[in-house]
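See below for the structure under consideration.
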Amino acid sequence: MALRRALHFVFKVGDRSKTATFYRDVLGMKILRHEEFEEGCKATCNGPYDGKWSKTMVGFGPEDDHFVAELTYNYGVGEYRLGNDFLGLTLQSSQAVSNAKRLGWPLTEVGEALYLVEAPGGYRFYLVDKDQPHNDPVQKVCLAVSDLQKSTHYWSSLLGMKVIERNEEKKTVLMGFADTQCKLELYNIGGIVDHGTAFGRIAFSCPHKQLPDLEALMTKENYKILTPLVSLDTPGKATVEVVILADPDAHEICFVGDEAFRQLSHMEPSGNALLDKAIAEDKSDEWFAKHNKQKASV
């Protein structure tokens, strides 16, 4: 499965302004592209919502060879309830540690040269206090599981990930499609995985021709398919095909055809300006205040 690659993790955000400050000014990521949509996504990329929403891709470099974050913002939702499903994203950057200290962003030392920082909404990021590498600084995403053996079988035997390390003491398994990519760490919490309403989604690409086979395999193995093979349009950009799966603990997994995704994910020099413009023109907070209402807390 060497042709499969890790792409991004989807975070639902309730405050784009504070979120942009965190990713740009604290972590030091770049706005890679920004897109606005008038209706909900056919593959529920923005969650189970039908209204206006936006997608912002942020990362340390091009999506062709960096694992990035997809920030989805629903105009009518101001807050999401966290579960225990997403346990953190780890990246290596002493500059991010310095940025957090300089900006007064809460930072907790949790190990040797390791700090915990939270994005708006409570999403956890672990910062390795070492020089940022020339390649992708993002090392791994950690997800909670209730049955480590069952989940390892799903991700390795069915999805084709290579097991890199097992740690019985820590109850973790580290795996990935390639050594040079962002890894996936599964952590056995010994109980039910709660996705809250903030539940995210991890995305991977594979050759387009593998998508029907992947869907057929999950059907054969009696695992849930959240969205059968479907085409997703982005105005003015490439149309991609995706299959959305759910692992044994209902973590959402998106597989997208690699060829079209590489066209869709070209960096936009105007990404920063597009995001700032959207934030400036977003009058939803004022509308809710004028009508003595609050944005939904879901």
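No hydrogens, no waters, no symmetry mates; every other heavy atom, side chains included, goes into these values. For clarity, every value in this text was computed on a predicted model and none was experimentally measured.
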>> A quick test of your reading: do over 12 heavy atoms of other residues, nucleotides or ligands sit less than 6.0 Å from CD of E39?
In response: no
> With the 4.5 Å side-chain cut-off for hydrophobic clustering, are L91 and F9 part of the same group?
Replying inline: yes
> Taking atom types as modelled and ignoring hydrogens, do the side chains of H66 and D136 form a donor-acceptor contact shorter than 3.5 angstrom?
Replying inline: no
> Which atoms form the tightest heavy-atom contact between C182 and A6, and what is the distance?
Replying inline: O-CB, 3.9 Å
>> As an exercise, state the distance from CD of E241 to OG1 of T239, rounded to the nearest 0.5 Å.
In response: 9.0 Å
> Do N84 and D194 have side-chain atoms, one donor and one acceptor, less than 3.5 Å apart?
Replying inline: no
> Does any N or O in the side chain of W105 come within less than 3.5 Å of the main-chain N or O of D25, such that one atom is a donor and the other an acceptor?
Replying inline: no
> Got a donor-acceptor contact below 3.5 angstrom from the D282 side chain to the A278 backbone?
Replying inline: no
> Transitively linked via ILVMFWY side-chain contacts under 4.5 Å: V117 with V13?
Replying inline: yes
> Looking at side-chain heavy atoms only, is the closest gap between L245 and L214 below 4.5 Å?
Replying inline: yes
> Backbone N or O of G76 within a donor-acceptor pair of the N74 side chain at under 3.5 Å?
Replying inline: no
> Are E268 and K237 within salt-bridge range, i.e. N to O under 4.0 Å?
Replying inline: yes
>> Any heavy-atom pair between the side chains of L114 and E112 that's under 4.5 Å?
In response: no
> Is any side-chain heavy atom of V145 less than 4.5 Å from a side-chain heavy atom of I189?
Replying inline: no
> To the nearest 0.5 Å, how far apart are CG in D258 and NE2 in H208?
Replying inline: 11.5 Å
> Between atom OG1 of T21 and atom CG of D15, what is the distance when rounded to the nearest 0.5 Å?
Replying inline: 8.5 Å
>> Taking the ring of Y223 and the ring of Y154, is the distance between their centroids below 6.0 Å?
In response: yes
> Hey, is the main chain of F86 close enough, under 3.5 Å, to the side chain of H251 for a donor-acceptor pair?
Replying inline: no
>> Strictly distance-based, threshold 3.5 Å: is any side-chain N or O of K42 a donor or acceptor partner for the main-chain N or O of S231?
In response: yes
> Between E36 and S54, is any pair of side-chain heavy atoms under 4.5 Å apart?
Replying inline: yes
> Any sub-3.5 Å donor-acceptor pair from E63's side-chain atoms to M57's backbone N or O?
Replying inline: no
> Do you reckon I253 sits in the same ILVMFWY cluster as F177, going by side-chain contacts under 4.5 Å, direct or chained?
Replying inline: yes
> Are side-chain N/O atoms of Y73 and N46 paired as donor and acceptor at under 3.5 Å?
Replying inline: no
> Can you list the steps and then say if R24 with I31 is a side-chain contact (heavy atoms from CB on, under 4.5 Å)?
Replying inline: CA-CA 8 Å; R24 287 192 289 204; I31 306 299; 3.8 Å; yes
> For M218 and L159, what are the C-alpha separation, side-chain angles and deciding distance, and is it a side-chain contact (heavy atoms from CB on, under 4.5 Å)?
Replying inline: CA-CA 9 Å; M218 293 303 157; L159 295 187; 3.4 Å; yes
>> Can you tell whether the side chains of K183 and E165 come within less than 4.0 Å, N to carboxylate O?
In response: no
> In the single-linkage hydrophobic clustering (I, L, V, M, F, W, Y; side-chain heavy atoms under 4.5 Å), do W155 and F67 co-cluster?
Replying inline: yes
>> Under 3.5 Å, is there a donor on one side chain and an acceptor on the other for Q139 and Q92?
In response: yes
> Shortest non-hydrogen contact from R4 to Q210?
Replying inline: NE-OE1, 2.8 Å
> Any chance the side chains of E70 and H8 put a donor and an acceptor closer than 3.5 Å?
Replying inline: yes
> Within a reach of under 6.0 Å around NZ of K150, are more than 12 heavy atoms found that belong to other residues, nucleotides or ligands?
Replying inline: no
>> Salt bridge or not between K283 and E281? Use side-chain N to carboxylate O under 4.0 Å.
In response: no
> Shortest non-hydrogen contact from V10 to C45?
Replying inline: CG1-O, 3.8 Å
>> Please determine whether side-chain contact (heavy atoms from CB on, under 4.5 Å) holds for the pair S151 and D249, giving the CA-CA distance in whole Å, both sets of side-chain angles, and the decisive distance to 0.1 Å.
In response: CA-CA 8 Å; S151 293; D249 287 294; 3.5 Å; yes
> Can L174 and K140 be said to form a side-chain contact (heavy atoms from CB on, under 4.5 Å), step by step?
Replying inline: CA-CA 9 Å; L174 186 69; K140 65 181 180 181; 4.2 Å; yes
> Roughly how far, to the nearest 0.5 Å, is CG of L116 from CG of L107?
Replying inline: 8.0 Å
> Are Y187 and N167 close enough that a side-chain donor and a side-chain acceptor fall under 3.5 Å?
Replying inline: no
> Side-chain heavy atoms under 4.5 angstrom apart, residues restricted to Ile, Leu, Val, Met, Phe, Trp, Tyr: same cluster for L211 and F204?
Replying inline: yes
>> Working to the nearest 0.5 angstrom, can you tell me the gap between L27 CG and L89 CG?
In response: 8.5 Å
> With a 4.5 Å heavy-atom cut-off, do V243 and T227 have their side chains touching?
Replying inline: no
> Under the criterion side-chain contact (heavy atoms from CB on, under 4.5 Å), which of L71, T56, V58 is the partner of T19?
Replying inline: L71
> Heavy-atom count around R262 CZ within 6.0 Å, excluding the residue itself: above 12?
Replying inline: yes
> Roughly how far, to the nearest 0.5 Å, is the CG atom of N272 from the CZ atom of R33?
Replying inline: 15.0 Å
> Going by atom types only, do T44 and R201 share a side-chain donor-acceptor pair under 3.5 Å?
Replying inline: yes
> Distance only, no hydrogens: is a donor on one side chain within 3.5 Å (strictly under) of an acceptor on the other, for Q132 and S93?
Replying inline: yes
> Looking at Y75 versus W53, is the centre-to-centre ring distance below 6.0 Å?
Replying inline: no
>> Looking only at the side chains, is there a donor atom on one of R5 and S205 sitting less than 3.5 Å from an acceptor on the other?
In response: yes
>> Any heavy-atom pair between the side chains of P207 and E259 that's under 4.5 Å?
In response: yes
>> Using a strict threshold of under 4.0 Å (side-chain N to carboxylate O), is an ion pair present between R16 and D276?
In response: no
> Is there a ring-ring contact (aromatic ring centres under 6.0 Å, His included) between F125 and Y23 once you walk through the steps?
Replying inline: CA-CA 11 Å; F125 286 74; Y23 285 92; 5.8 Å; yes
> Does the side chain of T219 come within less than 4.5 Å of K224's, by heavy atoms?
Replying inline: no
>> To check you understand the geometry: which heavy-atom pair defines the closest contact between V68 and G61, and what is its length?
In response: CG1-O, 4.2 Å
> Which atoms form the tightest heavy-atom contact between A43 and V230, and what is the distance?
Replying inline: CB-CG1, 4.4 Å
>> Does the structure place the NZ or CZ of K12 under 6.0 Å from the centre of the six-membered ring of F199, at an angle of no more than 45° from the ring's axis?
In response: yes
> Between T152 and M175, is any pair of side-chain heavy atoms under 4.5 Å apart?
Replying inline: yes
> Of all heavy-atom pairs between L143 and L87, which one has the smallest distance, and what is that distance?
Replying inline: C-CD1, 4.1 Å
